[in-house]
Amino acid sequence: MPELPEVEATRRHLAPVLMGASIARVEVRRARMVRRQERPADLPERLVGRAITRVGRRGKFVLIDLSGDFVWILHLGMSGRIALADPDEPEAAHTNVVVALHGGPEVRFVDPRTFGFTAVYTPEEYAASSLARLGPDALDELPRAPALARALAGRSAPIKPLLLDQRVVAGIGNIYADEMLWRARLHPARPGGSLDRDEVSRLRAAVRPVLEAGLRHGGTSLDDLAYLLPDGRAGEYLSRLRAYGREDLPCRRCRNPIRRTVLRQRSTFFCPECQR
DNA sequence: ACCTCCCTGGCC
DNA sequence: GGCCAGGGAGGT
């Protein structure tokens, strides 16, 4: 599932190839993939001829700066991936958008479920978009415990959906949220505002190690292989998960069975013994 | 602040 | 054949 580690792996894969390149040609095969820009049909003309000056990331968004102050945005949704391939290589199924670079490979946006999207923004459009309301990046800008405590203070919503709220902290998705709460020994249904100082510190301390472990192991590909690395391989982090997907399996800390519940329509896995 | 919806492949 | 997975926007 593309959450922060998978998106960061994608960014690292793209950056060396895209930096300094310029865009030759754009093909949008599924119009639905271009969303959240006022006139989606403008995407090709906004991209063609522009040079790439930076390949960044904020939360789950890949942000590609272009000449002329445009920014090209990629969001992988839940089944998207970016493949770099020479034009004569065969295409994967569900190659929905192709962006060819001058004298270089094609950037192929493959996404069976089309929850991912792409757009090109002017600075004004960016400022008016939901991207401008993203919280601090969970890896690069993680707030210290006191600031995190302030963000959670007075919140009656369960801590897990708060972790998934991209305005609080950007980049955490359903799998890694469960892993962080397991590591911090916090029950996912605890109201955000009920966490004491020590608990907020534990949670804060769990964020980066979980994301970095995901990154080290190439991210998490579930059994449906909806998510793959840019080169088509499966991420290896699945086998190291402590909570997510482990219903009825022994907790790796206390050996009691992991339980599954649904919180805000999302599968939630936790150890009822050691997460309180 | 909550629920519904979008979409498709894989599984039962 | 029907259900499930889920990020994020939109509606209530």
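For the numbers below, each heavy atom of this structure counts, side chains included, while hydrogens, waters and symmetry mates do not. Chain letters run A, B, ... following the sequence lines, proteins first and then strands; every chain starts at 1.
- A 6.0 Å sphere centred on CZ of A:Arg190 holds more than 12 heavy atoms belonging to other residues, nucleotides or ligands.
- Across all strands, A:Arg30 comes closer than 4.0 Å only to sugar-phosphate atoms, never to a base (heavy-atom distances).
- The side chain to side chain contact (heavy atoms under 4.5 Å, CB included) check on A:Pro257 picks up nothing, with sequence neighbours excluded.
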Expected list for residues 139-152 of chain A: side-chain donor-acceptor pairs under 3.5 angstrom, two or more places apart:
{"unit_1": "A:Asp140", "atom_1": "OD2", "unit_2": "A:Arg57", "atom_2": "NH2", "d": "3.3"}
{"unit_1": "A:Glu141", "atom_1": "OE1", "unit_2": "A:Asp137", "atom_2": "N", "d": "2.6"}

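- The side chain of A:Thr114 sits closest to B:dC7 out of B:dC3, B:dC2, B:dC7.
- The rotation axes computed at either terminus of the helix from B:dA1-C:dT12 to B:dC12-C:dG1 lie 50° apart, taking five pairs at each end and rounding to 10 degrees.
- In this structure, the CD1 atom of A:Ile175 is 12 Å from the P atom of C:dA5, given to the nearest Å.
- Taking atom CZ of residue A:Arg260 and atom C1' of nucleotide C:dA5, one finds them 10 Å apart after rounding to whole Å.
- If you check B:dC3, B:dC7, C:dG6 against the side chain of A:Arg32, the one that comes closest is B:dC7.
- Across all strands, A:Ser156 comes closer than 4.0 Å to no nucleic acid atom at all (heavy-atom distances).
- Atom CG of A:Leu74 is separated from atom CZ of A:Phe117 by 9.0 Å, given to the nearest 0.5 angstrom.
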I'd like a list of close polar pairs between nucleotides 8-12 of chain C and the protein, N/O only, cut-off under 3.5 Å.
{"unit_1": "C:dG8", "atom_1": "OP1", "unit_2": "A:His75", "atom_2": "NE2", "d": "2.5"}
{"unit_1": "C:dG8", "atom_1": "OP2", "unit_2": "A:Lys60", "atom_2": "NZ", "d": "3.3"}
{"unit_1": "C:dG8", "atom_1": "OP2", "unit_2": "A:Gln166", "atom_2": "NE2", "d": "3.4"}
{"unit_1": "C:dG8", "atom_1": "O3'", "unit_2": "A:Arg36", "atom_2": "NH2", "d": "3.2"}
{"unit_1": "C:dG8", "atom_1": "O6", "unit_2": "A:Arg266", "atom_2": "NH2", "d": "3.1"}
{"unit_1": "C:dA9", "atom_1": "OP1", "unit_2": "A:Arg36", "atom_2": "NH1", "d": "2.3"}
{"unit_1": "C:dA9", "atom_1": "OP1", "unit_2": "A:Ser130", "atom_2": "OG", "d": "2.7"}

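- Taking a 6.0 Å sphere around CZ of A:Arg240, one finds it holds 12 or fewer heavy atoms contributed by other residues, nucleotides or ligands.
- The phosphate of B:dG9 (OP1 or OP2) has a side-chain N or O of A:His94 nearer than 4.0 angstrom.
- If you take CG of A:Asp178 and C1' of C:dA5, they are 14 Å apart, rounded to a whole angstrom.
- The CD atom of A:Gln265 sits 17 Å away from the P atom of B:dA1 (whole-angstrom rounding).
- Heavy atoms from other residues, nucleotides or ligands lying under 6.0 Å from CZ of A:Arg255 number more than 12.
- Separating the CZ atom of A:Arg113 from the P atom of B:dC7 is a distance of 14 Å, rounded to the nearest angstrom.
- Note: CZ (A:Arg35) to C1' (B:dC6) measures 8 Å, nearest angstrom.
- Pairs engaging residues 22-34 of chain A under the side chain to side chain donor-acceptor pair (under 3.5 Å) rule: A:Arg25-A:Glu27, A:Arg25-A:Glu106, A:Glu27-A:Arg29, A:Arg29-A:Glu91, A:Arg32-A:Thr114 [sequence neighbours left out].
- Pairs passing the side chain to side chain donor-acceptor pair (under 3.5 Å) check and including a residue from residues 177-187 of chain A, sequence neighbours excluded, read A:Lys160-A:Asp178.
- Scanning both residues, A:Glu6 and A:Tyr176, for their nearest heavy atoms gives OE2-OH, 2.7 Å.
- No donor-acceptor pair under 3.5 Å is formed between the side chain of A:Gln166 and the backbone N or O of A:Gly135.
- Nearest nucleotide to the side chain of A:Tyr244, out of B:dA1, B:dG9, C:dA5: C:dA5.
- Here A:Ser79 does not reach the OP1 or OP2 of B:dG9: none of its side-chain N or O atoms lies under 4.0 Å away.
- Side-chain proximity of A:Pro112 to B:dA1, B:dG9, B:dC6: nearest is B:dG9.
- Rounded to whole angstrom, the span from the NZ atom of A:Lys160 across to the P atom of B:dC2 amounts to 15 Å.
- One interatomic measurement links the two molecules: CE of A:Met78 to P of B:dC5, which rounds to 17 Å at whole-angstrom precision.
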